[in-house]
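The figures here come from the full heavy-atom set of this structure, side chains too, leaving out hydrogens, waters and symmetry mates.
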Amino acid sequence: MRKYLAEMIGTMVLVLMGCGSAVFAGNAAAEVGAGVGTLGVALAFGLAVVAMAYTIGGVSGCHINPAITLGVWLSGRMTNKDAIMYMIFQIIGAIIGSLILTLLVSTGGHGGPTLSGSNTFDPGETAQAFVAEAVFTFIFVLVVLGTTDEKKGAGNLAGLAIGLSLVLIHIVCIPITGTSVNPARSIGPALMEGGQALSQLWLFIVAPFVGAAFSSMVWKTIGGGRKR
C-alpha cells in the first residue's frame with residue numbers, strides 16, 4: 001500500500017505543479033512576472049518529475065504515469081497486481097490534484113489560457129494529435145526504461161534525465177495538444193473541465209498506451225528484457 005499511496009501523491013503533485021503552472025501563469029510574459037509561457041510550463045512538468053523521482057523513487061519507482069507503468073509491466077519489471085493498482089492510484093492522485101486546482105480557481109482567479117490544464121486539440125487535427133501523443137510517449141517511456149535499467153541505466157541520475165526529457169517533449173508538444181503523454185494527467189483535468197476535453201479524452205488514453213507498448217518492444221530489442 002505504501003507504493004500505491006506514493007504513486008497517488010506523486011501524480012497529485014505532478015498535476016498540481018504542471019497543470020497549475022498553465023492555469024495560473026501559462027500566458028506568455030508581457031512583463032516580468034506576468035506569465036511563464038510554453039517554456040515555463042514545460043519546466044514545471046519536468047521539475048515536478050525530478051522532485052518526485054528523488055522523493056518517492058525509492059518507494060514506488062515514481063511512475064506517476066499509467067503509460068510508464070504499462071511500459072514497465074510489458075517489460076517484465078512488475079507484477080500484474082502492482083500494474084493495475086499503480087494505474088488506479090495514479091488516476092486518483094490526478095483527480096485530487098485537479099480538484100485542488102479547481103478549488104483554487106473557484107476561490108480566486110487564474111492568469112493562464114486554461115481553467116484546468118486539460119488536453120485538447122483543434123477539430124480536424126485528430127491524426128496530428130494522435131501521432132504526437134503516441135510518438136512523444138514512445139520517446140518518454142523509452143527514456144524511462146533505459147535510464148532505470150538495473151544494468152544499463154543511469155543510476156542516481158535517472159530522475160534528472162527523465163525530468164529533462166519531459167521538458168523537451170513539452171516544449172514541442174504543448175502547441176499541438178497541451179502535452180499529455182500521461183493518461184492520468186489528462187483524466188483528472190478533463191473530468192473537471194468537461195466539454196471538449198472530456199469528449200477528446202479517449203485519445204489521451206489510447207495514444208500514450210500505444211506509444212508505451214512500442215517503447216517496451218523496442219527496449220526489449222535493444223536493451224534486453226527480464227522476466228517478472
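- Side-chain contact between W202 and I205: absent, with no pair of heavy atoms (C-beta onward) separated by less than 4.5 Å.
- For H110 and F24, the distance between ring centers is not under 6.0 angstrom.
- Proximity of V167 to F45: side-chain heavy atoms (C-beta onward) are nowhere separated by under 4.5 Å.
- Two residues are said to be in side-chain contact when any heavy atoms from C-beta on lie closer than 4.5 Å; P66 and N182 meet this criterion.
- Looking only at side-chain heavy atoms (C-beta outward), V206 and F130 come within less than 4.5 Å of each other.
- Taking CG of L14 as the start and CD1 of I9 as the end, the distance is 14.0 Å to the nearest 0.5 Å.
- Remark: Q196 CD to L201 CG distance equals 12.0 Å, nearest 0.5 Å.
- Contacts of S216 classified as side-chain contact (heavy atoms from CB on, under 4.5 Å), with partners at least two apart in sequence or in another chain: L74, S75, K220.
- Looking at heavy atoms from C-beta onward, S98 lies out of side-chain contact with L191 at the 4.5 angstrom threshold.
- Without hydrogens or angle criteria, R77 side chain to T69 main chain gives no donor-acceptor distance under 3.5 Å.
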Pair F89-M1, side-chain contact (heavy atoms from CB on, under 4.5 Å): steps then yes or no: CA-CA 10 Å; F89 276 82; M1 182 57 70; 3.9 Å; yes
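- Sorted by first and then second residue, the side chain to side chain donor-acceptor pair (under 3.5 Å) pairs involving residues 40-56 (not counting sequence neighbours) form an empty list.
- For the pair P183/F209, a side-chain contact is recorded, criterion being any heavy-atom separation below 4.5 Å from C-beta on.
- Residues D149 and W219 come closest through the heavy atom pair OD1-NE1, 3.6 Å.
- Heavy atoms only, all atoms of each residue included: T137 and A67 are closest at CG2-CB, 3.8 Å.
- H63 is not listed as a side-chain neighbour of V144, based on a closest heavy-atom distance of 4.5 Å or more.
- Residue pairs that meet the side chain to side chain donor-acceptor pair (under 3.5 Å) test with at least one member in residues 2-17, sequence neighbours left out, are K3-D82, Y4-D82, E7-S60, E7-Q90.
- Every side-chain contact (heavy atoms from CB on, under 4.5 Å) that A129 has, sequence neighbours left out, goes to F121, T177, L203.
- For the atom pair CD (Q200) and OG1 (T120), the distance works out to 6.0 Å, reported to the nearest 0.5 Å.
- The two atoms that bring A161 and T147 nearest to each other are CB-CG2, 4.0 Å, heavy atoms only.
- Partner of C62 under the side chain to side chain contact (heavy atoms under 4.5 Å, CB included) criterion, out of N65, I64, V59: I64 alone.
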side-chain contact (heavy atoms from CB on, under 4.5 Å) between T179 and F136, intermediate numbers included: CA-CA 9 Å; T179 309; F136 288 123; over 6 Å; no
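- Counting only distance, with no hydrogens or angles, the side chain of D122 and the backbone of E125 share no donor-acceptor pair below 3.5 Å.
- Closest heavy-atom contact between S180 and E133: N-OE2, 3.0 Å.
- Interatomic distance, L99 CG to S106 OG, rounded to the nearest 0.5 Å: 10.5 Å.
- The CD1 atom of I162 sits 6.0 Å away from atom OG1 of T148, with the distance rounded to the nearest 0.5 Å.
- Between the side chain of S118 and the backbone N or O of A190 there is no donor-acceptor pair closer than 3.5 Å.
- By the side-chain contact (heavy atoms from CB on, under 4.5 Å) test, I96 is found to be paired with M8, M12, I92, I100, residues two or more places apart in sequence or in another chain being considered.
- In this structure, the side chains of L101 and C19 come closer than 4.5 Å at one or more pairs of heavy atoms.
- Taking every heavy atom of both residues into account, E193 and L115 meet most closely at OE1-CB, 3.8 Å.
- By the rule that hydrophobic residues join a cluster once side-chain heavy atoms approach within less than 4.5 Å of another member, L70 and I169 end up as members of one cluster.
- Listed here is the closest heavy atom pair of V72 and M78: CG1-SD, 3.9 Å.
- We find the CG-OG1 distance between N27 and T38 to be 10.5 Å, quoted to the nearest 0.5 Å.
- Residue pairs meeting the side chain to side chain donor-acceptor pair (under 3.5 Å) criterion with at least one member in residues 154-176: none, sequence neighbours excluded.
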